Amino acid sequence: MDNFDAGLASETSRRRFLRHAALGSAGLAAAPALAQQLVDLKLPGGNAERPMTSAFPGKGSMILQRVHPPLLETPMDVFDKSVFTPNDQFFVRWHWADIPTSIDVETFRLNVFGHVNRPLSISLAQLLRLPRVEMAAVNQCSGNSRGLFQPRVAGAQWGNGAMGNAKWLGVRLRDVLDLAGVKTGAVQVRFGALDQPVVAGAPDFEKALDIDHARDGEVMIAFGMNGEQLPLLNGFPCRLIVPGWYSTYWVKMLNAIEVLPGPDDQYWMAKAYKIPATPGANVAPGARDFPTVPINRMIPRSWMTSLPDGQTIAYEASIPVGGIAMGGDCGVAKVDVSSDGGRTWYRTTLGADEGRYSFRRWDGRVPLRRGPNPIMVRCWNTNGVAQPMKPIWNPGGFMRGNIETTTIIAA
């Protein structure tokens, strides 16, 4: 982690950080023209083909969902290689297209203000001198797998790849808040970033956490990702890490921390990213006037990654299968697989436990019959919550978490 040492303020370090932070606007504009092959996400609503692109700075081969603002999806075969998603193929999701194309690490400041005793303006060099922590945690878009909702809902039609898992290096948010001295009566903490709206009057992207959550010792301000600097498209120079919660709270290019004496009533908390206040966030298609709450904790999920959906293989009596699982807001307890539509389930072997918020590898075997074989995967988390068989529906396309099926054809 030499790149994170206090030598950041030196001219050599300054050049190094600026080089890693550079994001040419021409590169964004060129992305569609430089697209490679098409990938079929097999979305039930159709219009499922997306171009692959390597045109975005700091990124390898990614599924292109949108150029402005950048929305890049991780191909599913990446998740079969490791439980940690490589930085150059880690998914990207921005709300506004006005993203800084470079960061001057000498002038950047993280401002802490509001209901505090000592407002702060923290340089990166000062941030790097605070006690450090590292944690493995899944970062998953609230709308991951939205393209699989039936009937289709509005929004980015993601497949399953709007997620990634990394080892995040940074400092505890609690330690930064303690430096500022949170006043009695604080209720929430609001987080802002360097990206800006492209339409006059549109709301800045800001999210908030309850004060006790913000100070729980797990919420982090990260500047490192998988042993490297954060890529600019994933939030350089620092971002919020909220383990076990959906990534709408993981504010990128974090530059403002405001302690509030009351609840955040602005757009991105009061109106956006709301889910039905019903079991599983599930309502009937077309339902209206149901109560809502802000989206929050993640739920268990699992996928088979060893073979792609629709793959034809030579018939064998049984085959090895493998993939990844996540417990959501806690660890993975067990993963079972089935190849007969859920009538018979087989226990899998879990890989190394990298922490309760991390992906966990699973491997097992299932019997085959000739023809199509629907291979299902089901995760239980350490709180005893299991993935349901039936998909949910809500108008935001949020929180899909049902058992996923990969069909393999044995010929």
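This one's a predicted model, so the numbers in the text were calculated from it and none came from an experiment.
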Exercise for review: Could you tell me which non-hydrogen atom of Pro308 sits nearest to which non-hydrogen atom of Ile408, and how far apart they are?
Suggested key: O-CD1, 3.5 Å

Check your understanding: Does a side-chain N-to-carboxylate-O contact under 4.0 Å join Asp216 and Arg174?
Key -> no

Check your understanding: Are Lys207 and Trp268 in a cation-pi setup, meaning NZ or CZ lies under 6.0 angstrom from the ring centre and within 45 degrees of the ring axis?
Key -> no

Revision key, fill the gap. What one should report as the nearest heavy-atom pair of Trp94 and Pro69 is O-CG, 3.1 Å

Check your understanding: Which of these, Arg239, Lys59, Lys252, sits in a side-chain hydrogen bond (donor to acceptor under 3.5 Å, both in side chains) with Asn234?
Key -> Lys59

Exercise for review: Decide yes or no on salt bridge (charged side-chain N to carboxylate O under 4.0 Å, His left out) for Arg347 and Asp336, but give the supporting numbers first.
Suggested key: CA-CA 5 Å; Arg347 181 65 51 86; Asp336 288 353; 2.8 Å; yes

Review point. Is the ring centre of Trp168 less than 6.0 Å from the ring centre of Phe90?
Key: yes

**Study point:** Shortest non-hydrogen contact between Pro261 and Val187, atoms and distance
**Key:** O-CG2, 3.2 Å

**Study point:** ring-ring contact (aromatic ring centres under 6.0 Å, His included) partners of Tyr249, counting only residues at least two apart
**Key:** Trp245

Practice item. Measure across Pro203 and Trp96 and return the closest heavy-atom pair with its distance rounded to 0.1 Å. Key: O-NE1, 3.1 Å

Check your understanding: What residue among Ile403, Asn381, Val335 forms side-chain contact (heavy atoms from CB on, under 4.5 Å) with Gln387?
Key -> Ile403

**Study point:** Distance, nearest 0.5 Å, that separates SG of Cys141 from OH of Tyr246
**Key:** 10.0 Å

Practice item. Tell me, please, which residues at least two apart from Pro372 pass side-chain contact (heavy atoms from CB on, under 4.5 Å). Key: Thr407

Study note, to complete from the structure: Between Arg146 and the options Gln157, Arg400, Met399, the side-chain contact (heavy atoms from CB on, under 4.5 Å) test singles out Gln157

**Study point:** Distance-only polar pair, side chains of Ser145 and Arg301, donor-acceptor under 3.5 Å
**Key:** yes

Exercise for review: For residues Ala166 and Met225, report the shortest heavy-atom separation together with the two atoms involved.
Suggested key: CB-CG, 4.0 Å

